[in-house]
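These notes concern the structure reproduced below.
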Amino acid sequence: MDLDRELNPQQTEAVLHEGGPLLVLAGAGSGKTRALTYRIAHLVLHRGIAPWNILAITFTNKAAEEMRLRVRRLLGTEKTGIWVGTFHATCARILRQHIERLGYRKNFVIYDTADQLRVIKSSLKRLRVDAKQVRPVAIQNLLDKAKNQGIDPALLVPQQSPTGRIIEEVVADYKRRLEEANALDFGDLIVLALRLFETCPDVRASYREKFHSILVDEYQDTNRAQHLLLQQIASEGGELCVVGDDDQSIYRWRGADVNNLLAFEKDFPGTRVIALEENYRSTQTILRAADAVARGNPNRRGKRLWTRNEVGDRLVYEETMTPDEEATSIAREIQRLATELDIPYRSIGVFFRTNAQSRPFEERFLLLRIPHAVIGTMRFYERAEVKDLLAYLRFLYNPDDSVSLLRILNQPLRGIGPTTQATLQAYADEQATSLWGGIEHALEKGILSGASRGRLERFQGLIRILNQGFENHGSPEILLKTVVAQTGYKTFLEGKEDGERRLENVEEFVHTASLFQAMEEEAPGRETLGAFLQRIALVSDIDQYEDRANCVSLMTLHCAKGLEFPVVFLTGMEDGILPHQRSYTSPEALAEERRLCYVGMTRAKKKLYMSRACYRSIYGERQQTDPSPFLASIPPDVIDFRDAEDEFDEIDDADPIGIDAGNGDSVLDYGESQLDRPPLPPMPSSGRKQTYRIGERVEHETLGIGTVRNVEGTGYKEKITVQFKVGKIRKLMVQVSPLKKSS
DNA sequence: CCTCGGTGATTTTTT
DNA sequence: ATCACCGAGG
C-alpha cells in the first residue's frame, strides 16, 4: 500500500489522521470510498488496531459488501472481523445479542413497511375507525418521523385535531401489537439500540470499548436517531470518522437531517475537517454544469470541485412531445452510441425521478432490442409467493409473529377465511395473547365448533410437522423445501395466473436459501434461520444490483446515488417531475430536488444527456409541462439544445416560470419552449402569469374552502386543481370558475 | 369462501 | 392509469 502514489494529499491526510473526530467533506467522485478503505487498512496494518475494534457504517448493503471486498483485498485476508454494515443491520446485530435486556425475546422479527401497514390497518379495524377518516399511511408516516428523530411517537400526535385521540389510540395499539408479536419495525432497530445503550451502561461501555474506531459513510443521509446512536458509541478515546457531502443529501423525506453533517463540529468538539475536492469521475464540462445547479441552493457548506480530466463534450438537451418519443429518441441514441462509438450497454444509465416513469423506456428498449435492467422495482422479496413462504419461515421462527400467521393461515387455501380469522383474533385479544397463542388455547379448550375446528387442527398438525423438521435441521434451505412440500405450495400455484413465473420465483428463493447456507459457517440452527430472515428483511434491490450483465441500467435518481456511468440520460427534466410537484410545499423539499438533480448529473463520466417531454399524462390526463427550473442554472455554453422537430424560433415575450435560481442568462431560461406553444389560438402576450400558487387557499361559490394542489397553464388557460374541505378534488378553469382567494 | 365489478382514492424517493 | 377496498353473486 503506497499511500503517496495512490492517494492525493487530502485523501492521505484523511487516512493518516489520528485522535479526535474527523469530518471528511467528499464531493461527488472525489474518491471517498477509496479514502475510507485505505483508512481502514491503515488502521489495521500500520497502527496496530485490531479489525474487530473497527465499525464501518455504509448507506446500503451493497456498499457494505463492496467495502468488505475492498478491505479484504487490501488486508489480504478473507475473514477480517471488521463490522461493516448499514445502521439498521448493525443495530439488528447488536440487538440480536442484547434485546432481552429490553424485555424482548431473542427471536424477534423485523417488520417491513408492508407488515407495518397491516398492523396499522388491523388496529384501525379493531378500534372501529374508518380508514377514510384516518389514513393508515398517515399513521405510518407519523411513526416513522418520530422514530427517525428518536422520540416517542405519542409526542407527535396532533393534539388539536379532532382525530387526535383516535390517532393516539392507534399509535398505542400499534406499539402493543408489535411488542406482543416480538417484532421490530425499521425505526425500532435504531431506537431500541439507542435505548439499549441508554439503559444499560455496561452494554454501552462494552461497545464503546469494542468500537475504538468508527467510520460512517454518506453521513449527510443519517437521521437524528442515528446521530444520537453514534454519540452513544463513539468514545472519547476512540476515533470517529464521518464522510459526506451536503450537496448529495437526498433522503430528507426519510428523516435524514443534513444538519448532522453541517453541525458536526458542534456535536463533536475538536473535529478536524478535510475536504476532498478533486474529482476523478467527470469531464470538466459535466462538473461545471453540475456545480452551477448545486449553487442554486442556499445553506451549502460550499466547495470547489475540480478535475484534471478533459473538457469533454457539451451536454445535450432534447425536448420531445411525449414521454414515448423521449424514450424512442433515447433508445435510438443508445443504439447509435453502441454501434458507432462502441459504447457497451453497461456503461449507460437512464435515470428518472419516479419509478412510474420507467414504463416507456422499458417498452421502447424491448422493441428495439436494447438489453436493459430496471433497478429497484418490485423487489424479489415483495412478490406474493416469496412473501408467503417467507411468512412460513418467520412464523416458525417466531410464532407470535401474527402478521405472518395471518398471511399463511389460509395460504394455500384451507378454508380458514376472514370470518374465522376475525373470531380467532377476537378470542386472542380477549385472552391477551398473540394470535397463535389464542388459537392453541381455543383448540385446547375445545371452544371452536365443527368445520373450522377441524381445519385449524389440520393447520396445527402442519405446523407441528414443520417445527419438527426445523428442530432436526434448522437450515433455512431444508426448512423452505419442507414448507413447499408439506403445504403443497407448488400445486397451489400451478393453476394460478402467471403460475410459471411464480414457480420460478419459488425455486429462486430456495436457491437463495442454499447460497446463504453455504456462506454460514456454523451448524444450521435457530440462529441461522434468524440471520437468514434478518438479512432478507434488510436487503433492498439495489443491493442485488450486479453489473456483470451488459445491460443499460434504468433507475430512479435515488437508486443512482453512489453509482457512476460513462453515459447518463437524465430524463423527465420537467417542472413538477424533477422538482417534484410535492416538493413545492417547502423550500427545503425543493432544495432537495435540486440536489437530486445534482446527484444525477454527477453520476456521468463522459456524456450527459438531459431531456424533457412537453406533454405528460398525470392521473391518466394529458398535461402540458414546463422545463425544469434547474435547467436554467446551467451555463448556456456547455449545453447543446437538440430539438426533435428541429425548429428553433426565438421567443421574446416569455416569462420565466417557477422559481428562478439560475443566473438568468441561460438559453433555457424561458418558461415555455417552442413545442409548448398551442397551435391556435396564439397566446395573448399579456396576462400570461399564473394567478394562483400551490398551497394557496381559495373559496369556491358552491364547493367552499379548498387548497390549491396544482396550477397549470397561464392566462385564460390557467387551470388549478383544488382539494376542497368537503373532500372533493376538482380541476377548475381560473377565468370561468366562481372563485376567489381566501385567507 | 371465491370472484367479479364497481367505486373511490391515490400517486416520491426506501433502510 | 392503477390500486385497494367493498359488496353482490356464484
Side-chain angles (χ1 to χ4, degrees), chain A residues 57-64 85-92 110-114 116-118 121 124-125 130-132 135-138 140-141 144 147-148 184-190 218 221-223 225-226 249-256 323 351-357 359 375-377 379 381-382 410 413-421 451-452 455 495-497 534-543 555-561 572 576-585 589 592-593 595-596 599-600 616-622 709-710 721 723 727-729:
Chain A
I57 308 258
T58 58
F59 188 70
T60 62
N61 294 292
K62 160 129 199 296
T86 61
F87 266 108
H88 290 89
T90 304
C91 288
I110 298 167
Y111 275 3
D112 68 12
T113 319
Q116 200 179 20
L117 213 53
R118 294 229 75 81
K121 280 179 186 165
L124 287 171
K125 203 165 258 169
D130 188 356
K132 277 159 204 156
R135 296 212 338 270
V137 283
Q140 196 171 33
N141 288 336
D144 242 37
K147 293 177 185 190
N148 284 333
L184 312 188
D185 60 30
F186 286 135
D188 287 337
L189 289 172
I190 313 291
E218 307 280 12
D221 285 323
T222 55
N223 61 38
Q226 291 166 340
S249 154
I250 54 173
Y251 282 93
R252 205 185 70 99
W253 52 273
R254 208 173 79 186
F351 305 159
F352 31 78
R353 173 70 239 264
T354 68
N355 274 313
Q357 287 164 250
R359 173 90 54 92
I375 316 295
T377 49
R379 307 168 177 204
Y381 295 113
E382 278 170 19
N410 203 27
L413 305 175
R414 46 178 78 88
I416 308 174
T419 320
T420 317
Q421 289 178 11
S452 57
R455 290 164 183 163
K496 298 228 164 188
E497 190 151 344
Q534 181 166 306
R535 192 184 155 74
I536 289 170
L538 296 175
V539 295
S540 74
D541 251 26
I542 185 74
D543 300 329
M555 66 186 86
T556 64
L557 285 164
H558 283 86
C559 276
K561 190 175 85 158
I577 298 284
L578 190 33
H580 195 271
Q581 198 69 255
R582 289 171 69 132
S583 64
Y584 275 102
T585 46
E592 178 146 309
E593 299 289 307
R595 292 194 292 267
L596 209 42
V599 166
R616 191 174 289 273
S617 292
I618 300 169
Y619 300 136
E621 220 179 335
R622 196 177 160 90
R709 290 293 176 218
N710 193 16
T721 309
Q723 177 157 41
K728 291 191 190 311
I729 297 181

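Protein chains get the first letters and strands the later ones, always in sequence-line order, with residue 1 at the start of each. Keep in mind it's a predicted model, so treat the numbers as computed, not measured.
Atom pair A/Asn61:CG and B/dT14:C1' shows a separation of 12 Å (rounding to whole Å applied). Between the CD atom of A/Gln116 and the P atom of B/dT15 there is a distance of 14 Å, rounded to whole Å. Between the P atom of B/dT13 and the CD atom of A/Gln140 lies a distance of 14 Å, rounded to the nearest Å. Across the protein-nucleic acid pair, A/Glu593 atom CD and B/dT13 atom C1' stand 8 Å apart, rounded to whole Å. Across the protein-nucleic acid pair, A/Glu592 atom CD and B/dT14 atom P stand 12 Å apart, rounded to whole Å. Here B/dT15 presents its C1' atom at 9 Å from CG of A/Leu189, a figure rounded to the nearest Å. Distance, A/Leu596 CG to B/dT14 P: 10 Å, rounded to whole Å. B/dT15 atom C1' lies 18 Å from atom CZ of A/Arg252, rounded to whole Å.
The closest side-chain donor-acceptor pair between A/Thr354 and A/Gln357 falls under 3.5 angstrom.
Side-chain atoms of A/Trp253 stay outside donor-acceptor range of the base of B/dT12, with no qualifying N/O pair under 3.5 Å.
For the C1' atoms, the distance linking C/dC5 with B/dT12 amounts to 24 Å, nearest Å.
Side chain of A/Thr113, nearest nucleotide from B/dT15, C/dC5, B/dT12: B/dT15. Checking B/dT14, B/dT12, C/dT2 against every side-chain atom of A/Tyr251, the shortest atom distance belongs to B/dT14.
Taking 4.0 angstrom as the limit, A/Asn355 places a side-chain polar atom (N or O) nearer than this to OP1 or OP2 of B/dT13. Taking 4.0 angstrom as the limit, A/Lys121 places a side-chain polar atom (N or O) nearer than this to OP1 or OP2 of C/dC5. Put simply, A/Asn410 has a side-chain N or O that comes within less than 4.0 Å of OP1 or OP2 on B/dC2. Phosphate contact (OP1/OP2 of C/dT2, side-chain N/O of A/Arg359, threshold under 4.0 Å): present. Residue A/Ser583 places no side-chain N or O under 4.0 Å from the OP1 or OP2 atom of B/dT13. An OP1 or OP2 oxygen of B/dA9 is reached within less than 4.0 angstrom by no side-chain nitrogen or oxygen of A/Arg135.
Residue whose closest nucleotide on DNA chain B sits further toward the 5' end, between A/Arg353 and A/Asn148: A/Arg353.
A/Arg622 is not listed as a side-chain neighbour of A/Arg616, based on a closest heavy-atom distance of 4.5 Å or more.
Side-chain N or O atoms of A/Asp188 include one that pairs as donor or acceptor with a backbone N or O of A/Asp185 at under 3.5 Å.
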Q: Start with the C-alpha gap between A/Gln226 and A/His88, add the side-chain angles, then the distance that decides, and say whether side-chain contact (heavy atoms from CB on, under 4.5 Å) holds.
A: CA-CA 9 Å; A/Gln226 291 166 340; A/His88 290 89; 3.9 Å; yes
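Shown are A/Arg582, A/Arg353, A/His580; of these, the side chain to side chain donor-acceptor pair (under 3.5 Å) with A/Glu593 is made only by A/Arg353.
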